Amino acid sequence: MSHPRQHFPFATYEYKRSDPCVTPHDCTQYHFYYIHSGQCDYDQGEHSVRWGRGDMIITNGITPYNPKEEPGWDCVQTRFSFDPQLASVFDPYFCTDSPLKPFIELRNHRIRLSEEQIADCENILQRINHFYEEEEKAFYNRFLMAFYDLLMFISNLSREAMENSPRISAEKERNVQKMIAFIENYYMEDVTLEQMEAELHMSKYYLTRMFREMTGMTIFDYLRHRRIKQAKLLFYYRKDSTVTDVCYQVGYNNLAHFSRVFKKQVGMSPDQYRREQSALS
DNA sequence: TGCCAAGACCTGACATTAAG
DNA sequence: CTTAATGTCAGGTCTTGGCA
């Protein structure tokens, strides 16, 4: 029987793993890495980075980190990929700063923890894992609180770096962020490159190239990804939704097409997925 | 940074089938 | 009967190599 969290639409939590991440990079999600022990090498764009014990890495996902799967891989790490929406439940508690501010402002950032911070961090990660693994729904709220704790931990450690970080990101990255923002606003409608061209005042040819260069995926790959992710969320939260409802809500005009895309991306048909989500509650 | 052209791929329409 | 999955096809859009 599959674990209920396997299809949990908001987050993937991999605790104390000694293997490199094999799931494809998802630039729609924020990523967190923590190295418990050992060392590992990652490619980040044109650069290579080495992480070791006590390193905590946060990234907004736009520029992916790819593990170098060399024989030298000797590392125990926790990986946490989550949808920014996961933090939206905390919004009412905030007046000013988003709990995701370090991810947004620092984009890709490593923090080397002190021994005291290592103890704190590992304690939080262990708690998150405990609640993540629990099947009972009551634990979900405790999972969220532990997640909130982690975000606050990250925010405290990132304060100085955020004050010193350049306010304006690289031109290309800013444009990619604009494209992503555009998709976020309009993915439930028809989206065309012409619209983006008009919005960003840049040629569609250049936009598609820039997007691929920065994210490793094409604009429409991203759009499909975003729509299917939203479909999964709708199935998760509104158990009474029909496949047809969800299909139109996420921007598809054709059920057959939606069904095909969903199956290709998720590995099961929308109806199958919907039934699994219903069975969980 | 932008354009063109060609091929790849996506999308939507429609038909058919299956399950409840 | 309704809902959903799957197959086929035509038309349209996206992606990308090559070039300026």
Side-chain angles (χ1 to χ4, degrees), chain A residues 1-2 4 6-9 23-29 43-47 61-64 66 107 166 168-281:
Chain A
M1 186 186 150
S2 67
Q6 193 178 338
H7 303 301
F8 183 61
T23 45
H25 178 76
D26 180 353
C27 74
T28 69
Q29 299 205 320
D43 283 327
Q44 194 226 341
E46 293 165 3
H47 310 286
I62 287 181
T63 309
N66 296 306
R107 304 190 300 282
I168 298 168
S169 60
E171 187 70 21
K172 279 184 181 176
E173 193 167 271
R174 242 194 355 256
N175 284 324
V176 169
Q177 279 168 340
K178 280 183 191 169
M179 281 188 266
I180 289 175
F182 183 85
I183 291 173
E184 284 300 314
N185 286 333
Y186 295 105
Y187 70 87
M188 65 296 278
E189 301 166 22
D190 288 338
V191 173
T192 65
L193 284 176
E194 269 78 14
Q195 292 168 334
M196 280 194 214
E197 202 172 37
E199 179 83 13
L200 278 87
H201 310 290
M202 289 174 133
S203 133
K204 58 186 178 184
Y205 309 105
Y206 182 59
L207 289 178
T208 57
R209 279 201 172 84
M210 182 164 52
F211 196 91
R212 183 164 186 96
E213 181 192 339
M214 298 294 289
T215 67
M217 65 203 296
T218 70
I219 294 174
F220 279 75
D221 279 344
Y222 182 92
L223 175 64
R224 276 187 293 281
H225 209 100
R226 183 65 187 88
R227 283 174 166 165
I228 297 304
K229 187 170 78 182
Q230 188 64 18
K232 288 165 81 176
L233 293 177
L234 290 172
F235 286 134
Y236 183 78
Y237 278 120
R238 302 188 198 151
K239 313 280 190 213
D240 55 338
S241 294
T242 65
V243 173
T244 311
D245 286 343
V246 170
C247 161
Y248 289 110
Q249 280 177 48
V250 300
Y252 284 99
N253 299 314
N254 184 283
L255 180 62
H257 182 54
F258 168 68
S259 181
R260 266 191 301 261
V261 174
F262 192 98
K263 186 164 187 175
K264 189 175 176 190
Q265 201 163 301
V266 181
M268 66 177 82
S269 71
D271 193 47
Q272 244 178 314
Y273 184 85
R274 186 174 62 96
R275 285 169 199 274
E276 281 210 3
Q277 295 304 317
S278 299
L280 294 182
S281 56

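Keep in mind that what you see is a predicted model, and the values were worked out from it rather than measured. Naming convention: chains lettered A, B, ... in sequence-line order (proteins, then strands); numbering from 1 in each chain.
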Atom CD of Gln265(A) and atom C1' of dC9(B) are separated, to the nearest Å, by 15 Å
Taking salt bridge (Lys or Arg N to Asp or Glu O under 4.0 Å) as the definition, give me every residue that meets it alongside [X], ordered by chain and number, with sequence neighbours left out.
X: Glu189(A); value: none
X: Asp221(A); value: Arg224(A)
X: Glu199(A); value: none

For this session: Using the test ring pair (Phe, Tyr, Trp, His ring centres under 6.0 Å), find all partners of Tyr222(A) that sit at least two apart in sequence or belong to another chain.
Result: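 Applying ring pair (Phe, Tyr, Trp, His ring centres under 6.0 Å) to Tyr222(A) gives Phe211(A).
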Applying ring pair (Phe, Tyr, Trp, His ring centres under 6.0 Å) to Tyr186(A) and not counting sequence neighbours gives Phe182(A)
Taken in chain and number order and not counting sequence neighbours, the residues that satisfy side chain to side chain donor-acceptor pair (under 3.5 Å) with Ser203(A) are none
DNA chain C-proximal residues of residues 190-211 of chain A, any heavy atom under 4.0 Å: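 Here the set is Thr192(A), Leu193(A), Glu194(A), Tyr205(A), Thr208(A), Arg209(A).
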Here the residues of residues 245-256 of chain A within 4.0 Å heavy-atom distance, strictly under, of DNA chain C are Ala256(A)
Could you go over nucleotides 17-20 of chain B and give all protein N or O partners under 3.5 Å, atom names and distances?
none

Per nearest nucleotide of DNA chain C, the residue lying toward the 5' end, Arg260(A) or Thr242(A), is Thr242(A)
Rounded to 10°, the helix from dT1(B)-dA20(C) to dG20(B)-dC1(C) deviates from straight, judged by its five-pair end axes, by 40°
| From the 5' end of DNA chain C to its 3' end, which nucleotides mark the outer limits of contact with chain A, defined by a 4.0 Å heavy-atom distance cut-off (strictly under)? |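 Contacts span dA4(C) to dG18(C), reading 5' to 3'.
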Quick note, ring pair (Phe, Tyr, Trp, His ring centres under 6.0 Å) partners involving residues 239-259 of chain A, not counting sequence neighbours, are Tyr252(A)-His257(A), Tyr252(A)-Phe258(A), Phe258(A)-Phe262(A)
